[in-house]
There are 2 protein chains.
Amino acid sequence: MDTLSGVPPRSADPHLHQRIINTAARLLATEGAVSARRLARELGTSTMVVYTHFGGMDELSRQVMRRGFGDFGAELDRGAVTDDAVADWMTYLWSYRRFALREPHLYAVMFGPGLAAFRLGDPADLEAARSTFVSLLRRIHACVNAGRWEVDDVTTAGEAVWSGVHGHTTLEHTGFFGAVGRDPVRSFSEILTRMSIGLGDDAPATARSLSTARRRAVRADRTDAASAR
Amino acid sequence: MDTLSGVPPRSADPHLHQRIINTAARLLATEGAVSARRLARELGTSTMVVYTHFGGMDELSRQVMRRGFGDFGAELDRGAVTDDAVADWMTYLWSYRRFALREPHLYAVMFGPGLAAFRLGDPADLEAARSTFVSLLRRIHACVNAGRWEVDDVTTAGEAVWSGVHGHTTLEHTGFFGAVGRDPVRSFSEILTRMSIGLGDDAPATARSLSTARRRAVRADRTDAASAR
DNA sequence: CGCCATTACATGACAATGTTATGCATAACA
DNA sequence: TGTTATGCATAACATTGTCATGTAATGGCG
């Protein structure tokens with residue numbers, strides 16, 4: 001109705017822009033969906049803020065996606081660089097899986113077919129996604145430099161690796177492994193193992209690296225679980 | 001309004017059930033989305049037919065998905081069995097990619113996170129998806145029997161392979177390869193190659209099988225394009 | 001053959017979605 | 001202080017899936 005001046009008129013919040021993105025990301029993570037009205041209710045505003053600040057839900061989703069890629073990349077790059085390059089590469093991919101499992105909806109926004117990063121070719125979106133890919137390529141390069149792998153085209157190898165882990169995580173998100181009573185960890189290990197051997201490593205060395213990376217991953221899982229409490 | 005008897009009352013169509021599924025599949029393929037109203041308009045009925053026949057859009061989508069898995073499996077099993085088991089396996093996966101590219105929306109319904117096959121555990125849905133997986137396992141078994149691969153756990157190997165090709169197709173669907181100017185065929189070939197070597201084949205034999213399978217795939221692509229005309 | 005019950009379907013309404021036109025109150029500025 | 005601009009709330013519109021209601025056709029039974 002008419003605006004009663006009894007209600008203190010909300011002064012312009014200088015951080016509203018970021019608050020919207022943060023709240024949208026939180027709602028996405030906790031409730032699996034973000035609607036303009038749900039978001040407005042959470043923010044204590046009207047749905048119009050989405051349109052004055054982002055022009056619509058699409059652009060907001062892309063901003064959430066960009067932030068997601070930022071967090072994703074930061075978390076992936078946290079992995080140490082040791083003298084076992086293949087183990088480092090595997091650790092990187094275990095972190096990849098950990099993030100995807102912890103943030104399934106964010107991952108879906110980032111890689112899903114909805115308003116995927118690449119279709120609406122905003123260079124900033126493309127760059128956000130590409131930087132994490134480049135980070136993977138560095139790990140692969142290290143394996144080549146260490147003499148473990150023989151790869152002429154690192155980018156193509158990176159695409160193959162990425163396809164494998166991305167496919168695995170999306171399958172795991174659908175609940176496939178649980179539904180058929182299979183172990184996703186075993187399947188993921190298989191991908192890492194066969195890929196490493198296929199890229200030139202010998203089987204025993206890959207097995208040793210897998211053990212190392214698996215140990216690190218279990219420890220990181222525990223840290224993750226502890227910080228969630 | 002009141003029902004004018006001037007309009008000939010539509011007698012119960014005994015094939016309506018199938019017509020709904022077929023039309024939904026067609027709309028999904030041609031328009032990328034199926035809404036109850038769009039479907040009703042196409043069928044010349046009201047939206048209620050969806051509810052009397054399926055109870056809602058969800059169940060209808062699952063029926064479309066089931067039909068999709070049927071077509072998918074039939075098309076995949078069309079590949080010949082020759083004395084080059086690895087080439088046969090690769091041909092199978094090229095067919096996989098071909099189907100996914102030709103029917104992106106159907107593929108998304110089949111494997112997407114929406115009302116994924118596995119989450120709502122209807123055994124019929126599970127079986128529909130599983131049968132195509134079993135078909136993949138047969139191809140892998142043939143490679144092992146031929147002495148090309150050394151695999152103790154065929155199912156786990158199948159999951160790894162599936163992750164790779166599934167991940168690749170979903171990435172291709174997002175438009176990633178086009179956006180960054182990369183060649184999806186090369187990436188897909190890399191997956192097949194590294195996986196085959198990783199599963200025990202030697203590199204030259206894998207390369208020969210890849211050539212064979214690629215030739216077959218190109219021919220099948222042509223046939224596909226011709227029949228589309 | 002004629003009546004009744006069941007069933008299939010159309011109509012229209014409801015809630016929730018993204019979006020937008022309108023208006024007002026505050027903020028920024030001269 | 002007066003003017004402009006902007007940010008946001010209100011309320012509406014179109015579209016979605018869904019459902020309550022009514023009606024007409026179908027099929028069984030006397």
Side-chain angles (χ1 to χ4, degrees), chain A residues 1-25 27-28 31-65 105 108-109 112-115 120, chain B residues 1-25 27-28 31-65 105 108-109 112-115 120:
Chain A
M1 307 307 174
D2 58 340
T3 50
L4 306 176
S5 40
V7 177
R10 189 176 307 278
S11 64
D13 181 347
H15 309 102
L16 184 53
H17 196 91
Q18 270 303 316
R19 277 219 306 145
I20 296 174
I21 298 177
N22 293 343
T23 306
L27 287 179
L28 182 67
E31 306 184 0
V34 183
S35 80
R37 285 173 175 77
R38 179 73 188 84
L39 185 59
R41 186 152 50 89
E42 196 72 11
L43 290 166
T45 68
S46 82
T47 60
M48 269 307 292
V49 297
V50 174
Y51 294 88
T52 57
H53 283 265
F54 302 97
M57 290 297 290
D58 281 14
E59 180 60 26
L60 173 57
S61 289
R62 293 170 70 187
Q63 301 268 1
V64 171
M65 177 202 73
H105 303 107
V109 169
L115 60 154
L120 322 170
Chain B
M1 311 302 173
D2 57 341
T3 51
L4 307 176
S5 41
V7 177
R10 190 176 308 276
S11 64
D13 181 348
H15 309 102
L16 184 53
H17 196 91
Q18 270 303 315
R19 277 218 306 145
I20 296 173
I21 299 177
N22 292 343
T23 305
L27 287 178
L28 182 67
E31 306 185 359
V34 183
S35 80
R37 284 173 175 77
R38 179 73 187 85
L39 185 59
R41 186 151 50 90
E42 196 73 10
L43 291 166
T45 68
S46 81
T47 61
M48 270 308 289
V49 297
V50 174
Y51 294 88
T52 57
H53 284 265
F54 302 97
M57 290 297 291
D58 281 14
E59 179 61 24
L60 173 57
S61 289
R62 293 171 70 187
Q63 301 269 0
V64 170
M65 176 203 73
H105 303 108
V109 169
L115 59 154
L120 324 169

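Numbers restart at 1 for each chain; the letters A, B, ... are given by sequence-line order, proteins then strands.
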Point to revise | Complementary nucleotide of C/dA30, counting Watson-Crick and G-U pairs under 3.5 Å | key: D/dT1
Could you list all N or O pairs between the protein and nucleotides 18-21 of chain D that sit under 3.5 Å apart?
residue	atom	partner	partner atom	Å
D/dT18	OP2	B/Tyr51	OH	2.9
D/dT18	OP2	B/Met57	N	2.9
D/dT18	O5'	B/Tyr51	OH	3.1

**Study point:** Interatomic distance where CD belongs to B/Glu31 and C1' belongs to D/dT15 [whole Å]
**Key:** 15 Å
**Study point:** Least distance between heavy atoms, A/Thr52 atom then A/Val49 atom
**Key:** OG1-O, 3.3 Å
Study note, to complete from the structure: To the nearest angstrom, the CG-P distance between A/Leu39 and C/dT19 comes to 13 Å
Revision key, fill the gap. Whole-Å distance, B/Ile20 CD1 to C/dA8 P, equals 11 Å
Review point. Given atom CG of B/Leu60 and atom C1' of D/dG17, what is their separation to the nearest angstrom?
Key: 12 Å
Exercise for review: Round to the nearest Å and state the distance from B/Phe54 atom CZ to C/dC9 atom P.
Suggested key: 11 Å
Check your understanding: How close do A/Val109 and A/Ser61 get, heavy atom to heavy atom, and via which atoms?
Key -> CG1-O, 3.9 Å
**Study point:** C/dT17 phosphate, OP1 or OP2, under 4.0 Å from A/Ser35 side-chain N/O
**Key:** yes
Review point. Which atoms form the tightest heavy-atom contact between B/Met57 and B/Val50, and what is the distance?
Key: SD-CG1, 3.8 Å
Check your understanding: Residues two or more places apart in sequence or in another chain: which of them pass ring pair (Phe, Tyr, Trp, His ring centres under 6.0 Å) with B/His53?
Key -> B/His17
Review point. Base, sugar-phosphate alone, or nothing: which one does B/Thr52 contact when heavy atoms must sit under 4.0 Å apart?
Key: base
Check your understanding: By salt bridge (charged side-chain N to carboxylate O under 4.0 Å, His left out), which residues pair with A/Glu31, not counting sequence neighbours?
Key -> A/Arg38
Review point. Are B/Leu39 and B/Leu60 close enough, and set up right, to give a side chain to side chain contact (heavy atoms under 4.5 Å, CB included), and what steps lead you there?
Key: CA-CA 11 Å; B/Leu39 185 59; B/Leu60 173 57; 3.5 Å; yes
Exercise for review: Round to a whole Å and report the spacing from NE2 of A/His15 to P of D/dC8.
Suggested key: 14 Å
